[in-house]
Amino acid sequence: MSSRERFRQRLRASPAWETLVLTKALLEGGQRRQTAVARILRPDNLFQPYATTSSDRYPTELAAVHTALEVAAPAILSFGCSSGEELLSLLQSFPTARIHGIDINPLAVRSARKRVAAAGVSEAVSVARGGDASAEAASSYDLVLALAVFRHGDLNDGPPRCDAVLRFADFERTVDGLAACVKPGGLLVIRHANFRFTDCAGAAGFEAVAVGYPSVGEQGLPTPVYGRDDTLMDLGLRDDGVYRRVR
């Protein structure tokens, strides 16, 4: 390694470099600003600081939901709805639905509300700030989605342990809260998570509908999976997908 490369590594590892990157992102605006705000504020129960999102990201998963969903006008909860593109995509897929989005990032929530208002769908879609489902009533949704929420880009290289970034205990507590919101017969969808739903206590009340999706997520980035002890597992053991709450 050359002296220049060593200098670059030391520079990027310094707090000054992180401050520079965050400042640049704040000035650029958009999703980069939202990500910077999340990294600066570090709110309690933050899992995914990156605000990257787009419309129609999960056609395969939504196709499985359409097949399995048993109601014509579902109540839908989008956990980690980011800046709102996902909410409008869900409404397009389920035009008779009542949709509620939750996100922990204040800038993302503001952007989502603006996007919903601009689309003229405020009667069907609502947005709130939150880091869990504690404000939601039990058994109140036909469909709950957490898509690329329970993962962190800093784990893409698959370090042996994840607890310096994410902890299974926080995942289990939050996912069990989401699972409690699902009506009997309703669906829970988890994709690109760094942990397994079936390792959670709340999974005992669910059965698999469609699982076994690829471990490589958006933009070709891997999604390593960790166990209850926060240690790295074989990618072949992952289980994210679509689950139904048994009656």
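Hydrogens, waters and symmetry mates play no part in the numbers below; they use all other heavy atoms, side chains included.
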Open item on the list: On a heavy-atom basis, which atom in Gly177 and which in Ala133 lie closest, and how many Å separate them?
Closed with: O-CB, 4.0 Å
- [ ] With the side chain counted from C-beta on, respond yes when Thr198 and Tyr243 share a heavy-atom pair under 4.5 Å apart, and no when they do not.
- [x] yes
Task: Atom CD of Glu207 with >12 non-hydrogen neighbours under 6.0 angstrom - done: yes
Open item on the list: Quick check on Asp234: does its CG atom have over 12 non-hydrogen neighbours (other residues, nucleotides or ligands) under 6.0 Å away?
Closed with: yes
Open item on the list: What's the separation between atom SG in Cys181 and atom CG in Leu143, rounded to the nearest 0.5 Å?
Closed with: 12.0 Å
Task: Validation row: Leu90, Ser78 side chains within 4.5 angstrom (heavy atoms) - done: yes
Open item on the list: Counting C-beta onward and ignoring hydrogens, is there a side-chain heavy-atom pair between Pro184 and Ser139 closer than 4.5 Å?
Closed with: yes
TODO: Determine whether Leu77 and Phe171 fall in the same hydrophobic cluster, where Ile, Leu, Val, Met, Phe, Trp and Tyr are linked whenever their side-chain heavy atoms lie under 4.5 Å apart.
DONE: yes
TODO: Anything under 30° is parallel, anything over 60° is perpendicular, the rest tilted; go ahead and classify His100 against Tyr141.
DONE: parallel
TODO: Return the minimal non-hydrogen interatomic distance between Ala64 and Tyr213, and the atom names on each side.
DONE: CB-OH, 3.9 Å
Task: Value rounded to 0.5 Å, distance of CG in Leu87 from CZ in Arg113 - done: 11.5 Å
Open item on the list: Main chain of Glu136, side chain of Ser140: is a donor-acceptor contact present, judged purely on distance under 3.5 Å?
Closed with: no
Task: Test item: Arg238 side-chain N/O and Ala193 main-chain N/O as donor-acceptor pair under 3.5 Å - done: yes
Task: His152 backbone acceptor or donor facing Asn194 side chain under 3.5 Å - done: yes
Task: ILVMFWY cluster, Val182 and Val149 together (side-chain gap under 4.5 Å) - done: yes
Open item on the list: Ring-plane angle category for Phe206 and Phe197, please: parallel below 30°, perpendicular beyond 60°, tilted otherwise.
Closed with: perpendicular
- [ ] Determine, step by step, whether Arg98 and Ile76 satisfy the side chain to side chain contact (heavy atoms under 4.5 Å, CB included) criterion, reporting the C-alpha distance in whole Å, the side-chain angles of both residues, the deciding distance to 0.1 Å, and the verdict.
- [x] CA-CA 6 Å; Arg98 174 180 59 83; Ile76 301 176; over 6 Å; no
Task: CA sep, side-chain torsions, deciding dist, call: His66, Phe94, side chain to side chain contact (heavy atoms under 4.5 Å, CB included) - done: CA-CA 9 Å; His66 268 288; Phe94 305 95; 3.4 Å; yes
TODO: Supply the atom-to-atom distance Arg110 CZ to Asn105 CG, rounded to the nearest 0.5 angstrom.
DONE: 10.0 Å
Task: Within-4.5 Å side-chain heavy-atom neighbours: Glu86 and Leu147 - done: yes
- [ ] Classify the ring geometry between Tyr58 and His192 as parallel (under 30°), tilted (30 to 60°) or perpendicular (over 60°).
- [x] tilted
Open item on the list: I'd like to check Leu62 versus Leu145 (side-chain heavy atoms, cut-off strictly below 4.5 Å). Are they in contact?
Closed with: yes
Task: Heavy-atom pair with the smallest gap, counting every atom of Asp142 and Ala73 - done: OD2-O, 4.3 Å
Open item on the list: With clusters defined by side-chain heavy atoms of hydrophobic residues (ILVMFWY) lying less than 4.5 Å apart, directly or transitively, does Phe150 cluster with Leu235?
Closed with: no
Open item on the list: Checking the side chain of Thr96 only, and the main-chain atoms of Ala72 only, is there a donor and an acceptor separated by less than 3.5 Å?
Closed with: yes
Open item on the list: Taking Arg245 first and then Glu70, would you say they form a salt bridge - that is, a charged N and a carboxylate O separated by under 4.0 Å?
Closed with: no
TODO: Using modelled atom types only, decide if a donor and an acceptor are shared between the side chain of Asp176 and the backbone of Gly202 within a distance under 3.5 Å.
DONE: yes
Open item on the list: Run the side chain to side chain contact (heavy atoms under 4.5 Å, CB included) test on Val127 and Cys81 for me, step by step, so that the C-alpha distance in whole Å, both residues' side-chain angles and the decisive distance to 0.1 Å come before the verdict.
Closed with: CA-CA 8 Å; Val127 187; Cys81 65; 4.1 Å; yes
Open item on the list: We want to know whether Asn156 and Arg151 form a side-chain donor-acceptor pair, criterion being a heavy-atom distance below 3.5 angstrom.
Closed with: yes
Open item on the list: Under a 3.5 Å threshold, yes or no: a donor from one side chain and an acceptor from the other, between Glu85 and Ser83?
Closed with: yes
Task: Ala68 to Val209 - nearest heavy-atom pair and separation - done: CB-CG1, 3.8 Å
Task: Between OG on residue Ser126 and CD1 on residue Ile102, distance to nearest 0.5 Å - done: 9.0 Å
TODO: Compare all side-chain heavy atoms of Cys162 with those of Phe168 and state whether any distance is below 4.5 angstrom.
DONE: no
Task: Option among Leu166, Thr223, Leu232 that satisfies the side-chain contact (heavy atoms from CB on, under 4.5 Å) test with Leu155 - done: Leu166
TODO: Would you check if the side chain of Arg244 reaches a backbone N or O of Leu187 as a donor-acceptor pair within less than 3.5 Å?
DONE: no
- [ ] Determine, using the 4.5 Å side-chain heavy-atom cutoff (strictly less than), whether Ile190 and Leu237 are members of one ILVMFWY cluster.
- [x] no
TODO: Given salt bridge (Lys or Arg N to Asp or Glu O under 4.0 Å), test Asp199 with Arg228 step by step and report yes or no.
DONE: CA-CA 7 Å; Asp199 286 334; Arg228 292 185 60 88; over 6 Å; no
Open item on the list: Side chains of Val211 and Asp240, heavy atoms from C-beta outward: is any pair under 4.5 Å?
Closed with: no
TODO: Taking Asp103 for its side chain and Ser82 for its backbone only, find out whether a donor-acceptor pair lies under 3.5 Å.
DONE: yes
Open item on the list: Side chains of Arg173 and Asp170, heavy atoms from C-beta outward: is any pair under 4.5 Å?
Closed with: yes
TODO: Mark yes or no for whether Glu172, through its side chain, and Ala201, through its backbone, hold a donor-acceptor pair below 3.5 Å.
DONE: yes
Task: Path from Val121 to Ile99 over hydrophobic side-chain contacts below 4.5 Å - done: yes
